[in-house]
Amino acid sequence: MPLDIDTEKEFDIEDLKHDIERSRATDRWEDAPAEIKELFHKIEWNVIDGENQATVELINPAIEAEVSARTLIAGPMSTGISEVGRRFKFDEYFLPEVMMSAKCMQAALGVLKPLILEEKGEEVGICVIGTIQGDLHDIGKNIVAMMLEAASFTVIDLGVSTTPAAFIAAIKEHKPHIVGFSALLTTTMGMQWETIKQITAEGLREDVKVFVGGAPITQAWCDKIGADAYCVDALVAVEKAKACVRRYGDLKGGDPELHAALVAMDTADAERQAAQKKLQHATA
Ligand code: B1M
């Protein structure tokens, strides 16, 4: 029976900094058994410290303790790399440190990938995904691709710095239901817009549902550039991708009805979470 640990708890990056500086520990994952919480803190810290080997060595004990690969990714690996981003932003870390932490994430994902892919079943749809031209960040994109594969999508991963022409060629060749653009830089997010414009000019816009994601991307940006769905994380991407082939399979890419339906999924999710929180308060 896998351990059920809440990784959804929102964290404020300033709180994370405070917790980490005070004790290298946090009050997150308080529903986890003490030894798992300890393991999570070690994973988080090894990502922050860029300890590649040590991070990898902590993954298997967590799996053996029935922690799911998804929980590890959404939990200590994510909080660790977020703290790295904060340090970089405030000039506490420079590029070499960020690269070492990125290597930890990639090495850990390498161990987790086969476990996640074990869940793959009969194909439900096809998805082309890539990091947009000019952008080399691929950790988030790789997680999304992995989760989509686990949810039984065939994923064609175009890698990093993908040109609009490469997306267009892949759409023509693979006829995907969904095409996903990842962008992590404010300087490259504009290429998401440019890529949609070129897909539209090729007469392919109605054939594909366009998903956008990445740290600087918001629902407002998705609306502005005429993408179909904004995905805050990999799990949302999977849910929206499934909805696009099943519930909204008849709607075409770029249809305002599809866009509204996918936005409504986030609203429903936010309402569900608020109701859950209220219930927890009431029963505490
Ligand atoms: Co860079 N970097 N980086 N970096 N880096 C950021 C993005 C930054 C915010 C750091 C900071 O200042 N705090 C900053 C951007 C600032 C800005 O744009 N205003 C930044 C910068 C400036 C840079 C360079 C320009 C630095 C330099 O050279 N001076 C340079 C750019 C290189 C380039 O791309 N041309 C650079 C380089 C690098 C490294 C190579 C060192 C490394 C990347 C390694 C790699 O990816 N292979 C790196 C890293 C690791 C980061 C941070 C620290 C972490 C990014 C990450 O992996 N997050 C990042 C700080 C941050 O984001 N807070 C930062 C974890 C990942 C799981 O989250 O990618 O958001 P994320 O993905 C999520 C969701 O966003 C969503 O689902 C994912 C999983 O849940 N999602 C999608 C993402 N894509 C999706 C696509 C979809 C759906 C959902 O379609 C279906």
Side-chain angles (χ1 to χ4, degrees), residues 7-8 11 13 16-17 44 47-48 50 70 72-110 112 116 125-149 151 153 155-162 167 176-192 195-196 208-219 221-222 227-242 244 262 266:
T7 53
E8 294 263 307
F11 65 91
I13 204 76
L16 180 63
K17 176 175 187 274
E44 185 179 51
V47 171
I48 297 169
R70 282 156 206 255
L72 285 173
I73 295 171
M77 289 169 61
S78 286
T79 52
I81 197 77
S82 297
E83 168 62 8
V84 172
R86 188 201 63 76
R87 288 177 178 212
F88 183 56
K89 188 171 172 185
F90 293 105
D91 288 342
E92 294 167 25
Y93 265 14
F94 296 96
L95 220 46
E97 286 98 336
V98 182
M99 287 174 83
M100 283 164 72
S101 296
K103 217 171 156 195
C104 290
M105 291 290 284
Q106 277 158 336
L109 287 174
L112 296 173
I116 290 179
I126 303 173
C127 181
V128 160
I129 192 167
T131 303
I132 214 77
Q133 186 173 5
D135 202 319
L136 301 176
H137 296 84
D138 66 357
I139 297 171
K141 184 262 300 164
N142 292 345
I143 294 175
V144 176
M146 227 190 268
M147 296 295 192
L148 283 167
E149 272 200 68
F153 280 84
V155 178
I156 294 100
D157 186 346
L158 302 179
V160 295
S161 198
T162 311
F167 276 111
H177 300 88
I178 290 145
V179 57
F181 309 149
S182 183
L184 266 286
L185 298 169
T186 45
T187 48
T188 57
M189 55 194 276
M191 276 313 290
Q192 293 189 335
T195 308
I196 293 186
V208 286
K209 281 135 182 164
V210 175
F211 282 21
V212 288
I217 308 305
T218 58
Q219 183 62 54
W221 173 253
C222 165
D228 296 302
Y230 160 61
C231 308
V232 68
D233 60 28
L235 295 182
V236 168
V238 167
E239 287 315 308
K240 291 189 177 175
K242 281 191 203 156
C244 277
L262 295 169
D266 284 336

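One-based numbering, in listed order, for ligands and for the atoms of each.
Atoms of ligand 1 found under 4.0 Å from any heavy atom of Val98 (numbered from 1 in listed order, with element): 41 (C), 48 (C), 49 (C), 50 (C), 51 (C), 53 (C). Of all atoms in ligand 1, numbered sequentially from 1 with element shown, those under 4.0 Å from a heavy atom of Ile81 are 54 (C), 65 (C). Per-residue contacts place Asp135 under 4.0 angstrom from the following atoms of ligand 1 (heavy atoms of the residue considered): 34 (O). Less than 4.0 angstrom separates some heavy atom of Val232 from each of these atoms of ligand 1: 74 (C), 75 (O), 76 (C). The contact set between ligand 1 and Asp233, taken as ligand atoms under 4.0 Å from a residue heavy atom, comprises 76 (C), 77 (O), 80 (O). Close approach of ligand 1 to Phe211 is summarised as follows: ligand atoms under 4.0 Å from at least one heavy atom of the residue are 91 (C). Taking a cut-off of under 4.0 Å to the non-hydrogen atoms of Ile143, the atoms of ligand 1 that pass are 67 (C).
Once rounded to the nearest 0.5 Å, the distance linking CG of Leu235 with CD1 of Ile73 reads 9.0 Å. Atom CZ of Phe181 and atom CD1 of Ile129 lie 10.5 Å apart (nearest 0.5 Å). From Leu184, atom CG reaches atom OG1 of Thr131 across 7.5 Å, with rounding to the nearest 0.5 Å. The CE atom of Met191 sits 10.0 Å away from atom OG1 of Thr162, with the distance rounded to the nearest 0.5 Å.
Of all heavy-atom pairs between Lys242 and Phe153, the closest is N-CZ, 3.8 Å. Ala145 and Val155 get closest at one heavy-atom pair: O-CG2, 3.7 Å. Nearest heavy-atom pair, Phe167 versus Gly180, reported as atom, atom and distance to 0.1 Å: CE2-O, 3.9 Å. Heavy atoms only, all atoms of each residue included: Cys222 and Ala229 are closest at SG-C, 3.7 Å. Across all their heavy atoms, Cys244 and Lys209 have their closest contact at O-NZ, 3.3 Å. Here the shortest heavy-atom pairing between Gly213 and Gln192 reads O-NE2, 3.5 Å.
Not close to ligand 1: Met147, with no non-hydrogen atom less than 4.0 angstrom away.
Protein heavy atom in closest approach to atom 25 (C) of ligand 1: Leu185 CD2, 4.2 Å. The protein heavy-atom contact nearest to atom 12 (O) of ligand 1 is Phe88 CD2, 3.7 Å. In terms of protein heavy atoms, atom 41 (C) of ligand 1 is closest to Met99 CG, 3.3 Å. Scanning all protein heavy atoms for the shortest distance to atom 44 (C) of ligand 1 gives Ala102 CB, 3.7 Å. Protein heavy atom in closest approach to atom 90 (O) of ligand 1: Gly180 CA, 3.7 Å. Among protein heavy atoms, the minimum distance from atom 27 (C) of ligand 1 is reached at Leu95 CD2, 3.9 Å. In terms of protein heavy-atom proximity, atom 71 (P) of ligand 1 is closest to Gly140 CA, 4.0 Å. Protein heavy atom nearest atom 7 (C) of ligand 1, with residue, atom name and distance: Leu184 O, 3.3 Å.
Heavy atoms from both the backbone and the side chain of Leu136 come within less than 4.0 Å of ligand 1. In Val144, the part holding a heavy atom less than 4.0 Å from any atom of ligand 1 is the side chain. Looking at Cys231 against ligand 1, both its backbone and its side chain come within 4.0 Å, counting heavy atoms.
Inclusion of Ser182 in the set of residues having an N or O under 3.5 Å from an N or O of ligand 1 is warranted. In terms of polar-atom proximity, defined here as any N/O pair under 3.5 Å, Arg86 makes no such contact with ligand 1. Backbone and side-chain nitrogen or oxygen atoms of Asp138 are examined, and one is located within less than 3.5 angstrom of a nitrogen or oxygen of ligand 1. In terms of N/O distances under 3.5 Å, ligand 1 is approached by Thr186. For ligand 1, the polar-atom distance check finds an N/O of Ala234 within less than 3.5 Å of one of the ligand's N/O atoms.
In this structure, atom 37 (C) of ligand 1 has a protein heavy-atom contact shorter than 4.0 Å. Atom 82 (C) of ligand 1 lies below 4.0 Å from at least one non-hydrogen atom of the protein. In this structure, atom 48 (C) of ligand 1 has protein heavy atoms in its sub-4.0 angstrom surroundings. Shown here, atom 54 (C) of ligand 1 is in close reach of the protein: a heavy atom of it lies under 4.0 Å off. Closer than 4.0 Å to atom 74 (C) of ligand 1 lies at least one heavy atom of the protein.
Looking only at side-chain heavy atoms (C-beta outward), Lys240 and Asp266 come within less than 4.5 Å of each other.
When only modelled atom types and interatomic distance are considered, Asn142 and Gln106 share no side-chain donor-acceptor pair under 3.5 Å.
For the side-chain contact (heavy atoms from CB on, under 4.5 Å) criterion with Cys127, the lone passing option out of Val179, Leu148, Val208, Val238 is Leu148.
Comparing Ala227, Ala145, Gly134, Ala215 by heavy-atom distance to atom 35 (N) of ligand 1, the nearest is Gly134. The option from Gly85, Gly214, Gly213 that lies nearest to atom 63 (N) of ligand 1, judged by heavy atoms, is Gly85.
With respect to atom 1 (Co) of ligand 1, His137 has NE2 as its nearest N, O or S atom.
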### Message
One pair to check against side chain to side chain contact (heavy atoms under 4.5 Å, CB included): Tyr230 and Leu262. What are the steps and the verdict?
### Response
CA-CA 8 Å; Tyr230 160 61; Leu262 295 169; over 6 Å; no
### Task
Would you please test Ile48 and Tyr93 for side chain to side chain contact (heavy atoms under 4.5 Å, CB included) and show each step?
CA-CA 10 Å; Ile48 297 169; Tyr93 265 14; 3.6 Å; yes
### Task
Check step by step if side chain to side chain contact (heavy atoms under 4.5 Å, CB included) holds for Glu83 and Val47.
CA-CA 9 Å; Glu83 168 62 8; Val47 171; over 6 Å; no
### Query
Checking side chain to side chain contact (heavy atoms under 4.5 Å, CB included) for the pair Met146/Leu109: CA distance, chi angles, key distance, verdict?
CA-CA 9 Å; Met146 227 190 268; Leu109 287 174; 3.9 Å; yes
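Between Lys141 and Asp157 there is a salt bridge, with a side-chain nitrogen of the basic residue lying less than 4.0 Å from a carboxylate oxygen of the acidic one.
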